[in-house]
Amino acid sequence: MKILIAEDDEETAGFLTQGLREVGHVVSRAASGNDALFLATSETFDVMVLDRMLPGLDGLSVLKMLRAGGVRTPALMLTAVSRIVDRVEALENGADDYLIKPFAFSELHARLNVIARRPTPPETERSLNVMDLELDLQKRIARRGGRRLDLQPREFTMLEALMRNAHRVMTRTMLLEQVWDFDFDPRTNIVETHISRLRAKLNAGFEEDAIITVRGSGYMIRSE
Amino acid sequence: MIRALPRSTSGLVVLVAIVLAVTTILLGFVVYTVSHEALEQQLDHRIAVETKGLLTLHSQGGLDALAAGIAQREAAARGDGMGYILDDAQGRRLAGALRARTPQPGWLEFLHSEQPNGEQRTSQALTTVLPEGARLVVAADRAPIGEIDLAILGVFAAAFSLMLIAGVGSAWLLGSVTRRRLARINAAAEAIIDGDLARRVPRDPTSNEFDDMAATLNRMLDRNEALLENLQQVSSDIAHDMRTPLARLRNVLDAALRQDLDAEQARNALTRASNHAEDLLDLFAALLRISEIETFQIRTAFQATNLSEVAERCIDALRPDVEADGYRMVADIAPGVMLDGDKHLLSQLIVNLIENAARHTPPGSTITVSLGATASHALLSIADDGPGIPPDKHAFVLRRFSRLEQSRNTPGNGLGLSLAAAVARAHFSELRLQDRAPGLEASLSIPLRAPIRQRSGD
């Protein structure tokens with residue numbers, strides 16, 4: 001992927017650029033809001049990472065101007081932890097996702113993968129199919145290999161999130177957001193517990209584990 | 001110290017007093033002029049009527065009758081201020097006792113005469129030339145006009161003086177009252193600047209405006225003090241509670257540096273160090289989050305929130321873990337409780353309270369989450385039937401990092417309850433802890449409509 005990183009802090013920018021290049025992406029970096037605006041309008045990127053605080057134009061203004069100018073490049077906004085209000089603002093102004101500093105690289109990477117490959121199957125879709133798994137989104141029925149699975153509503157939502165993002169890693173925090181609308185990380189192992197229950201229901205009577213655990217990152221639905 | 005600056009209270013009141021006094025002068029001048037003119041006209045009228053009467057006598061009986069009439073009038077009314085002169089064509093005096101030079105025909109404003117006793121007088125006079133060439137002078141004494149003029153001037157001079165004295169007096173009084181009140185506020189402010197943060201502006205129920213201002217200032221000071229205490233506490237809490245995990249992190253790294261590790265062992269050591277760093281970052285994040293919530297800025301992003309759904313989601317998320325640990329979880333959630341709030345913070349509040357209940361009660365305990373609503377408030381309660389917390393420790397456990405000694409060895413950073421309390425405050429509510437004997441109940445009553453609803457400009 002071709003990625004634009006707008007970040008004025010050298011260390012963070014270096015850490016992001018290096019990490020993303022190591023996993024095979026092409027990275028351009030802008031150190032100010034004006035540079036970011038220039039780069040984002042003169043080249044085509046698959047995804048961009050905008051820091052909320054940038055010298056000159058701040059990240060939010062850059063995003064507003066890009067969206068007003070018709071640039072639809074998926075954007076992930078980086079915000080400081082002590083500014084809850086910024087996150088609301090970011091999403092309202094056209095950010096596709098946000099991440100609070102400090103963050104783990106794997107978290108950023110997983111989120112970039114999700115927003116860059118949008119659109120996911122549209123909300124209006126009647127069913128989702130991955131390998132031998134089948135979700136009837138209207139009747140809220142899940143099947144594996146044609147056999148009906150007895151899922152709790154929240155387990156169904158979790159499976160849907162995994163299947164919509166087949167081939168991509170879903171991190172713990174992404175699942176917390178999408179399944180329970182939590183923007184914080186509880187001390188309890190909510191995600192692990194629910195994944196293991198879902199896994200037990202999916203795998204009953206099957207050889208192959210339907211959910212892949214990606215160490216240090218999160219979970220993926222088996223798609224090949 | 002009297003400061004007579006134009007903007008000071010006393011300066012303003014002096015200004016008002018001067019304006020009032022000048023107004024009095026103007027008013028006096030107008031009254032003086034009008035009454036003076038009226039008196040002049042009255043005098044003219046009297047002279048004209050008198051002249052007319054005498055001319056009638058003359059037309060009936062000639063100069064003799066006129067002279068007799070004058071003599072009769074002078075004899076009859078002594079001291080009414082009227083005076084007469086009748087001269088024949090040659091200027092010889094025929095009648096009249098007025099001792100004055102005969103003036104030219106027509107009106108004369110000031111005719112000077114002399115009384116028999118030598119006293120000088122000034123009169124208003126009308127001189128008429130009779131057909132024979134004789135001259136008739138009718139004069140009226142001006143003294144009454146002068147007296148009334150003087151009286152009017154006297155009254156207004158007195159009014160002017162009184163006005164000035166009362167004005168300056170009330171200026172001084174008002175000024176000193178205001179200064180005294182302001183001096184108290186000043187003294188309180190100076191004391192606070194000098195470090196007495198608990199100092200407040202003294203209240204004074206006898207003065208509404210000053211008391212209202214004192215009350216508002218005191219509320220502002222309370223809020224500032226709370227924020228400052230919050231800041232000071234965060235600083236000292238960080239200093240205290242960051243030491244341990246930082247020391248652990250250094251120990252892991254030191255140990256790794258001292259030993260000759262192979263790649264696998266090095267990776268394990270680094271993983272452990274990274275986990276310690278992660279814990280530290282979590283702690284920081286939780287602290288910063290509490291601090292941010294306590295600024296109440298989040299209120300600008302409040303939205304209509306279905307608290308019933310939020311509560312259901314939290315229970316649903318935690319139930320498997322909590323039940324797997326041997327607890328019973330009972331939910332009694334009234335559907336459709338809508339309020340102004342932040343769904344993420346409210347989720348965190350509920351999750352923290354449930355986690356807290358599970359952490360501080362033995363397995364087998366029952367955790368009850370209930371949500372109800374009145375016409376104006378949502379009533380949320382998370383209760384357990386565990387050992388509870390002694391009532392005198394309730395305030396303590398709501399503070400940051402505070403952990404009761406028996407729970408020192410359980411996981412958790414001691415921020416869960418203080419974060420919940422901060423979220424409650426941001427939602428115009430207060431987290432209350434009650435002893436259920438046995439057990440602890442954490443409850444709050446959140447207004448459905450936020451008292452101040454503001455939206456950031458978007």
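Any value given below was found using the heavy atoms of this structure, including those in side chains, with hydrogens, waters and symmetry copies removed. Given the structure is predicted, the values throughout are model-derived calculations rather than measurements. In the text below, chain A, chain B and the rest are named by the order of the sequence lines, each starting its count at 1.
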Item to check | Toward chain A, the part of B/L281 with a non-hydrogen atom under 4.5 Å | outcome: side chain
Checklist entry - Which one of B/D316, B/V351, B/V322 has the most heavy-atom pairs closer than 4.5 Å to chain A? => result B/D316
Item to check | Winner by heavy-atom pair count (cut-off under 4.5 Å) against chain A, out of B/A317, B/A324, B/P320, B/S347 | outcome: B/A317
Checklist entry - So, do B/D340 and B/T305 sit near enough that their side-chain heavy atoms are less than 4.5 Å apart? => result no
Checklist entry - Side-chain contact, heavy-atom cut-off 4.5 Å: A/I211 with A/L162? => result yes
Checklist entry - Which class fits the ring pair B/F428 and B/F302: parallel under 30°, tilted 30 to 60°, perpendicular over 60°? => result perpendicular
Checklist entry - A/D185 versus chain B, heavy atoms under 4.5 Å apart: side chain, backbone, both or neither? => result neither
Checklist entry - Counting only heavy atoms not in B/D262, do more than 12 fall under 6.0 Å of its CG? => result yes
Next on the checklist: For A/V179, which atoms come within 4.5 Å of any heavy atom of chain B: side chain, backbone, both, or neither?
Outcome noted: backbone
Next on the checklist: Pairing donors with acceptors under 3.5 angstrom, does anything connect the side chains of A/T213 and A/R199?
Outcome noted: yes
Checklist entry - Which bit of B/E355 is near chain A, if near means a heavy-atom gap under 4.5 Å: side chain, backbone, both or neither? => result side chain
